[in-house]
Each structure stands twice: as structure tokens, then as C-alpha cells.
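Letters go in sequence order (proteins before strands), and every chain restarts at 1.
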Number of protein chains: 2
Amino acid sequence: MKRVTLEEVARVAGVSRATASRVVNGASSVDESLRHAVQKAISSTGYLPNIAARSLVTRRADAIGLLLPDERRMDGDPHLASVVSGVTRVVRPLGIHLVLMMTGPGTREQAMSDLRCGRLDGVILVHTDPADPVPGQLIAAGLPVVLAGRPLRPMPITYVDVNQTAGAALAGRRLKSLQCNRIATITGPQDTPAGQDRLAGFLAEVPDAVVVHGDFTRQSGVAAMERLIGCCPDVDGVFIASDLMANGAIPVLHRSGRKVPDDVAIVGFDDSSAALTSEPELTTVRQPISDMAAEMARQLLRQIGEPRTPVTSVVFEPSLVVRDSG
Amino acid sequence: MKRVTLEEVARVAGVSRATASRVVNGASSVDESLRHAVQKAISSTGYLPNIAARSLVTRRADAIGLLLPDERRMDGDPHLASVVSGVTRVVRPLGIHLVLMMTGPGTREQAMSDLRCGRLDGVILVHTDPADPVPGQLIAAGLPVVLAGRPLRPMPITYVDVNQTAGAALAGRRLKSLQCNRIATITGPQDTPAGQDRLAGFLAEVPDAVVVHGDFTRQSGVAAMERLIGCCPDVDGVFIASDLMANGAIPVLHRSGRKVPDDVAIVGFDDSSAALTSEPELTTVRQPISDMAAEMARQLLRQIGEPRTPVTSVVFEPSLVVRDSG
DNA sequence: GATGGGCGTGAGAGCGCTCTCCCAATCCTG
DNA sequence: CAGGATTGGGAGAGCGCTCTCACGCCCATC
């Protein structure tokens, strides 16, 4: 149960600490016989490098942060598990830790400190409030950071996003191909890039669509659909900018005596778990969340590896998942 | 942009490094004037302690791990965000990092290493496979660990759980009070404590209930309900051991021409987001996930603070959330 | 006025690792 | 065979922090 150090390994292997270190770190140019001896010593002693000591000299924490919005905004967000899993996939083989930070009082400041004092090598920012000063501060300080989703105001920052506009267009084409005559959309919040782009992309495809506003929440989906069938009773096709809103909106249609998809076709966006828990299951625009998360991790690691590298943005193409609702 | 060390702070404040360290760590017995000088030096230099250096000597990582099942098992699990948020709430004020680890090839071994080499102070294990050797290894090694949920086989390990039996009884009483005559239950997997206890607790309250087995997944809820109405068409009240299964089961009832709750009352378990995305919204047994997670964190910290402390188990009481389904 | 006990402070020894030298040994080339 | 080039290994200096220990200093005690 006693701690075994490199020193100990070196002693057992009959080499210097430096050579033992070289073997541990896979450095080139160590004689094969010595390397063997060291490896034997490592496994016989059960040696594990002390990360703190290593970190102290390499100035690398081998840990990155994932900054999330608070529980309420995350709740119902189906993506968390996928994001974590995507990031984990690229990060774990490298022995890098994923530190989760949910936004709360002082979190973002803490993340800044962690970054500056070398406790974190970089951060991935999810669902960032446009008014949040943190991204700006981070890039100003030259600290590695990647955004999930295009920032509202253009800024020199690396981000990964899905082509929201193209996704909405996909939905529009689907409704048109279903021969819908009276097409509407329930939008996301218009102060977010995703909300804006999904509306713009849809209108580009269906210019005369009726527009009703929502804010991505289930609740707002209910309200928006009530308004929609009030003002436009003959609607027969709706693109709803999030599955969660669609999930709230469909029962409203049922209650009004309309059948989905027979009377009204519905296309959602996200392909979240809400798409499967809806009745009928949602036809929706899928974003490859897990792959996007993996890409964010890769971008972040690149920045950490070579600072002052030019910012990039990676945009993934969405796809249409056809199920029962439209 | 240059790193400022304690040494630097001490120099600016005109004291020794030791005294500066005392101030940083809030140690007693530092003269008020010196403390002031040091604090001024800290803020003027923008000093942030280097965690790696501290960790090296204190042998504390100030980080704990959250070991999760993989994405597929987590998918649809509505609890992740709540768990993270509960743990974060107690852990962050202490400056302790929450490291997320999703189960995958080698994860559990990695967690063991991290623990042993001092990179992690302790771990919380969620959804542990009964056959998993890791919990046993951890307690054998005397490493701090807390389980989410009672282990299948009794073992000397600290865990936090909800009183599953009592929760199921709550559901049973609810269905009886609704004057249901023909009561059934769709169970969870019978090789898990939760699955077993929910069935046992329900049968204790409704001994003559029809029992159909499921495995907590939505899919299995669909299948189980199909079997149920096949073998027992006059059923008028069902306790479904997870909201996710209930979410799958309700559309089956609708398709068979039965109305919920008028023809068949449904009570779920979990109060997960699936309870709200169901139509009608589910009456369900709520477990205080976030509070339980917070308690897990507290238990873990206690173990870290004083090793070899006796194991404890904390059991929370569930409550019934009455909505529209039963 | 000498003695004992606190208490606050500074010096310095590590914690376990990496990495830069520097030296020795081997190799190639003319 | 001499000379330089190349390579592998060891010594040792830190990385930034905590913490023990010993040293003053001041006050209370006899």
C-alpha cells in the first residue's frame, strides 16, 4: 500500500531515475535491455506515475473542462449524455480528464482561475449566453477554448456547429414533398443563432410559411401550437424548431381533433429523446451531437498542443430522420 | 501573462514564503498587519496557487470521479443532469473538481489507477453492474467510494438510495384509492435491486396484482403492455416500474382503444422527464435525485476526510407526484 | 531580575517528476 | 588509426508548494 516512486523503479531496475522516466514516457533511444528491465520493475512494483508531480513540471493538467448551463436549462436537454460521450471518446485514450462544471454562482470565474492556474488545459463552452463575457476574456487571454455552436456576435473563436440553415431547409422540403398546402413553423428564440438560422433556413425553402414564435421549451411548444391553430386552423404541415416543443405541441393537435400526420404533418429538430417519446414518433432533423462533441474535443486538444493556432470552425451537415409524424 | 508564485507574493509583501502560504490557506496565527500585506500582494500580483504543486505535497487531488454507465444505458436516463447538479452543489464551494468518466473499454481500470496514483480522491459509482469487480477492489484497497443505489449483494460499502419498496407501495395505494379492480404491474429487471424492490413493495400492497416483466427500457414497456392487455384485457390500473416504460406503454393502450386514465390508470416511477413528455402526463413516484446526489458527494467527502470511517447507507423517502395518468 | 511558556515567523527540507546538460561509449569517415 | 559525429545514460537542478522545526520575542510567574 506504500507509494512507489520512479526512484524506486529505477533502483529495482538498476538504472537512473532519468532512464526510468524515459521508459515511462516512451522516449526514444533507450537500450532494449534496459527498457525491458525498467518495464519489469514497473510491473513488479506496481508503479503509477504521480500526476501532480508530472503536472508541476510539464505545466499541463491533462484535464479539460466542460462548462454547461445550469440544471434547469439542461433539463430536458437530451444532449448531455451524447456530448459527454463524444468528448470522452477522444479524450480518454489520451489519459485526459473531463471536468464537468455546471453554471452557477461563480462557476465561470472559477473556470477562468482553473485555466489560469494550470488546473485545466482548456474548456468547451456549451450554451453560452451571448452576453457572457467569459468567451471574450478567454480568447483575450489566449486560453484554449472551443464553443458549442456559433457565437451570436462574430468573434475570433473556434466553434463547432451543425448547419442549422440546411437542416431547416431539409424540414421545409420534407413538408413540401408531403403536399402540404398550409405550412407553418414554430421557431426557437430569435436571440440565439440556432433560433435565427432555423427560421431563416426554413423561410428560404417555404417563403410563405406562417411563423409562430417559441423558445425551444416544451411549454412554449404548447402555447405556440394553441396560437397557431387559433390563427390558422387549416394548417396541415408544421416545422417545429425543437423536438421538445414538438412534444408539447402534438397533444394540442390531438386535443383539437387533428390527427398527426394525417391532418397535420410535423417535422421536429434535434433528434433528441423527445422525438422517440412523442406519439407518434417524430420525423426530425438530426444533428450528430456525439461526433460534434468529439470534434470539439479534437479542436481543443489541437489548440492546447499548439497555442496561437488560427481559429477554425467546423460545421456538420444535418440529416432528416423520417419517422411517423411527417 | 507570467506566472506569479508564492515566492513572488512573499517578496512583494515583505514576508517569508511560509507566512504567505499561511495566509493563503487561512491558517491561524498570522499577525493582522502581515495578513493584510500579504492579501494586498496577492490581489496586486493576481496570484493563483498552483494546484499541482500543492497537490504534490498534500497528496490530495481535490477531484472526485463520477463513474457512469455508457451512453446507451445512460440514454433516456433523465437523471444525469440532476446527479451532476447535485454533486456539483456540494463539491464546487470546496474547489473540488468533478471528473466524469463514462464506462467504456478500460474505464474502470483507469479510474482505479487515477485513484491509486492520487489523481482522484474518491469516486461515485452509478448503475454498477452487479458482476463488476471494481467496487470490491475499491473497498479492499480502502479507497473512498460511494454507490448510487444499494448493491445487489450486501457488501461493506457506503451507498445512497431511495426507499424503492416504499415508493412502490405508494403507487399501489394510489391505484387502490382510485378504485381499480384489476391491477397489474410492469416490473423492472429482476436482477437489479431496484427492479426487485419495486416489485416486492408493490406486491406487499397489492398481493393479487398481475405481474408482467420489463427491463426499464421504453421498448420493453411497449412489449410488456402488449402482453398485458393480451392476457388480461380487463386491467384498469397499472404500476409501471419506470417512467420510460410507461411512456412506451401508454400509446399501446391508446391504440387498443383504452383511455388513460379513464379506462386504465397508470402510475410510473422516477419522475423523469419522460413523465412530462407522456400524454397524459404521468402520475409517478418521485425520487429526490439531486438531493441524493448531493448526499453521495457528502458521504464521499467524509470518507476522504477521515479514511477507515464506518460505512453508512442513507435512504431517502420517495413521494407520489399526482398528475393526469392515474 | 531570572526563568518558563506561548506565539508568531523564517529557514529549509522535501513532495515525485521532467529535462537539460554533460560525459562516456560507439560508430563512421578519411 | 585518428578524429569527429552520433548516441545512450547519469547527475542534478529545478517545478511551486506545504510543513516541520527552531528561533526570537513578549509576557506572566516566582
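Distance B/E32 CD to C/dC7 P: 17 Å, rounded to the nearest Å. We find that CG of B/L34 is positioned 17 Å from P of C/dC7, with the value rounded to whole Å. Atom CZ in B/R11 sits about 14 Å away from atom P in D/dG16, given to the nearest Å. Rounding to whole angstrom units, CG of residue A/D31 and C1' of D/dG10 are separated by 15 Å.
Side chains of B/E295 and B/Q299: a donor-acceptor N/O pair is present below 3.5 angstrom, by distance only. Side-chain contact annotation: B/T158 with B/R302, donor-acceptor N/O pair under 3.5 Å absent.
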Check the interface with nucleotides 17-19 of chain D: list each N/O to N/O pair with the protein under 3.5 Å, or write none.
from   : atom 1 : to    : atom 2 : distance (Å)
D/dC17 : OP1    : B/Y47 : OH     : 2.4
D/dC17 : OP1    : B/N50 : N      : 3.2
D/dC17 : OP2    : B/L6  : N      : 2.4
D/dT18 : OP1    : B/N25 : OD1    : 3.3
D/dT18 : OP1    : B/N25 : ND2    : 3.1
D/dT18 : OP1    : B/R54 : NE     : 2.8
D/dT18 : OP1    : B/R54 : NH2    : 3.3
D/dT18 : OP2    : B/S21 : OG     : 2.8
D/dT18 : O4     : B/R17 : NE     : 3.4
D/dT18 : O4     : B/R17 : NH2    : 3.1

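Residues satisfying the side chain to side chain contact (heavy atoms under 4.5 Å, CB included) criterion with A/R150, sequence neighbours excluded, are A/Y159, A/D161, A/P193, A/D197.
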- [ ] Apply side chain to side chain donor-acceptor pair (under 3.5 Å) to the pair B/S290 and B/R89, showing each step before the final yes or no.
- [x] CA-CA 9 Å; B/S290 183; B/R89 200 166 58 235; 3.0 Å; yes

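For A/T19 and D/dG10, the shortest distance from a side-chain N or O to OP1 or OP2 is below 4.0 Å.
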Could you tabulate the donor-acceptor pairs under 3.5 Å formed by side-chain atoms of residues 54-62 of chain B, not counting sequence neighbours?
from  : atom 1 : to    : atom 2 : distance (Å)
B/S55 : OG     : B/R60 : O      : 2.8
B/T58 : OG1    : B/R54 : O      : 2.9
B/T58 : OG1    : B/R60 : N      : 3.4

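Checking A/V99, A/V84, A/L300 one by one against A/L66, the side chain to side chain contact (heavy atoms under 4.5 Å, CB included) holds for a single residue, A/V84.
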